[in-house]
Amino acid sequence: MKDFPDSSSTPEQGAQDPSFYDGSKYSRERSVGYWIKQAYQILQRNLDAAMQELDLTGMQWGPLWLIRNAGADNVAACAREAGMDAGAMTRMLDRLEAKGLIERERSTQDRRVVHVRLTPRGDEAASRIPHRLAEVLNRQLRGFTPEEFHTLLELLQRFVSNGSACGDANAQCDHPQP
């Protein structure tokens with residue numbers, strides 16, 4: 001029983017893109033989605049542990065980093081950059097404000113807009129976040145060669161790009177990334 005197509009055919013030989021999965025033989029142990037989810041969950045647990053030193057949870061460091069490094073200066077921008085709804089971001093910012101890491105101020109030009117900025121304590125914590133990220137990622141990349149690291153990064157970028165090009169589940173994806 002074969003789980004995957006013959007890898008000897010190449011696009012240069014005129015073969016169509018292979019189908020890597022057959023629903024009748026699908027198993028989670030051979031699923032890219034399953035392994036991406038496992039990798040994400042382990043990464044989140046390790047980031048949670050690393051961020052404890054900064055008195056942050058795995059979810060709280062993101063808005064701090066976005067405010068400091070991505071120019072997210074209001075609730076809507078933080079939510080958009082983080083891929084969260086504004087209500088969830090507001091609750092997250094409530095917790096960060098209670099910890100004295102951010103300050104919020106309603107815009108004088110548009111009362112619907114709430115500006116956010118780091119406090120000095122929040123700026124100090126945010127400046128340490130990239131170092132924690134690097135430590136965790138480097139631990140998880142132990143044993144990878146530089147070539148394997150670059151290949152992994154390129155493959156993940158292509159996987160995301162192909163998924164983005166497909167849009168919804170019913171869209172035809174005629175132009176995969178090479």
Side-chain angles (χ1 to χ4, degrees), residues 31-144 146 148-169 171 173 177:
S31 168
V32 170
Y34 172 78
W35 287 110
I36 288 174
K37 182 177 179 181
Q38 292 300 307
Y40 177 76
Q41 289 174 336
I42 289 168
L43 179 61
Q44 284 302 111
R45 281 195 302 268
N46 290 334
L47 286 172
D48 268 341
M51 296 300 168
Q52 282 179 357
E53 183 179 311
L54 304 178
D55 191 30
L56 297 171
T57 67
M59 294 299 292
Q60 291 173 344
W61 67 265
L64 289 182
W65 192 88
L66 290 171
I67 293 166
R68 187 170 203 265
N69 299 300
D73 66 348
N74 61 60
V75 176
C78 286
R80 187 175 46 257
E81 290 292 322
M84 302 173 76
D85 68 75
M89 181 55 70
T90 297
R91 291 185 295 278
M92 179 68 60
L93 295 174
D94 287 343
R95 291 188 282 281
L96 292 171
E97 188 174 37
K99 289 183 175 188
L101 300 172
I102 66 157
E103 298 172 331
R104 290 186 276 195
E105 183 179 328
R106 192 163 296 279
S107 170
T108 56
Q109 281 80 20
D110 186 344
R111 302 260 320 138
R112 296 170 295 176
V113 176
V114 177
H115 293 285
V116 293
R117 68 178 161 270
L118 299 175
T119 64
R121 184 171 166 228
D123 189 59
E124 198 280 321
S127 73
R128 295 172 61 195
I129 289 169
H131 302 286
R132 298 297 172 281
L133 294 173
E135 289 169 9
V136 169
L137 289 168
N138 283 331
R139 278 196 310 265
Q140 288 196 217
L141 290 164
R142 272 188 322 247
F144 282 65
E148 288 171 329
F149 166 75
H150 291 292
T151 298
L152 175 63
L153 193 56
E154 288 172 0
L155 292 173
L156 288 170
Q157 289 168 342
R158 186 177 350 152
F159 187 81
V160 169
S161 180
N162 285 345
S164 294
C166 292
D168 69 61
C173 304
Q177 295 293 314

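Just the heavy atoms: all of them, side chains too, but no hydrogens, waters or symmetry mates, feed the values below. This one's a predicted model, so the numbers in the text were calculated from it and none came from an experiment.
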Nearest non-hydrogen partners of M59 and D48, listed with the distance: N-OD1, 4.4 Å

Qualifying residues under side-chain contact (heavy atoms from CB on, under 4.5 Å), relative to D55, sequence neighbours excluded: K99, R121

Contact check, side chains of L141 and F149, non-hydrogen atoms, under 4.5 Å: yes

Verdict with supporting geometry, I129 and N69, side chain to side chain contact (heavy atoms under 4.5 Å, CB included): CA-CA 11 Å; I129 289 169; N69 299 300; over 6 Å; no

Within-4.5 Å side-chain heavy-atom neighbours: L137 and N46: no

L54 to A125 - nearest heavy-atom pair and separation: CD1-O, 3.9 Å

Heavy-atom side-chain proximity of T108 to H115 below 4.5 angstrom: no

Trace of the side chain to side chain contact (heavy atoms under 4.5 Å, CB included) decision for L56 with L96: CA-CA 9 Å; L56 297 171; L96 292 171; 4.1 Å; yes

Test item: T119 side-chain N/O and L101 main-chain N/O as donor-acceptor pair under 3.5 Å: yes

Rounded distance (nearest 0.5 Å) linking atom CZ of F144 with atom CG of N138: 11.5 Å

Residue pair A50 / V136: nearest heavy atoms and the distance that separates them: CB-CG2, 3.6 Å

Stepwise side chain to side chain contact (heavy atoms under 4.5 Å, CB included) test for R132 and L47: CA-CA 8 Å; R132 298 297 172 281; L47 286 172; 5.9 Å; no

Residue among L93, T90, V75 satisfying side-chain contact (heavy atoms from CB on, under 4.5 Å) with V114: V75

Heavy-atom pair of closest approach, residues C78 and L66: O-CD1, 3.8 Å

Derivation and outcome, side chain to side chain contact (heavy atoms under 4.5 Å, CB included), residues M51 and Q60: CA-CA 9 Å; M51 296 300 168; Q60 291 173 344; over 6 Å; no

Atom pair CG (L43) and CD1 (I36), whose distance is rounded to the nearest 0.5 Å: 12.5 Å

Donor-acceptor contact present, side-chain R117 to main-chain E103, <3.5 Å: no

Closest non-hydrogen atom pair, G58 against Q44: O-NE2, 4.2 Å

Check: G87 main-chain N/O paired with R91 side-chain donor or acceptor under 3.5 Å: yes

Crowding at CE, M84 (>12 non-hydrogen neighbours, <6.0 Å): yes

From CE (M89) to CG (N74), nearest 0.5 Å: 10.5 Å

By side-chain contact (heavy atoms from CB on, under 4.5 Å) - contacts of Q41 (at least two apart): K37, Q38, R45

CH2 on W65 to OG on S127, rounded to 0.5 Å: 13.5 Å

Reported CZ-to-CG distance for the pair R128 and L64, which is rounded to 0.5 angstrom: 12.5 Å

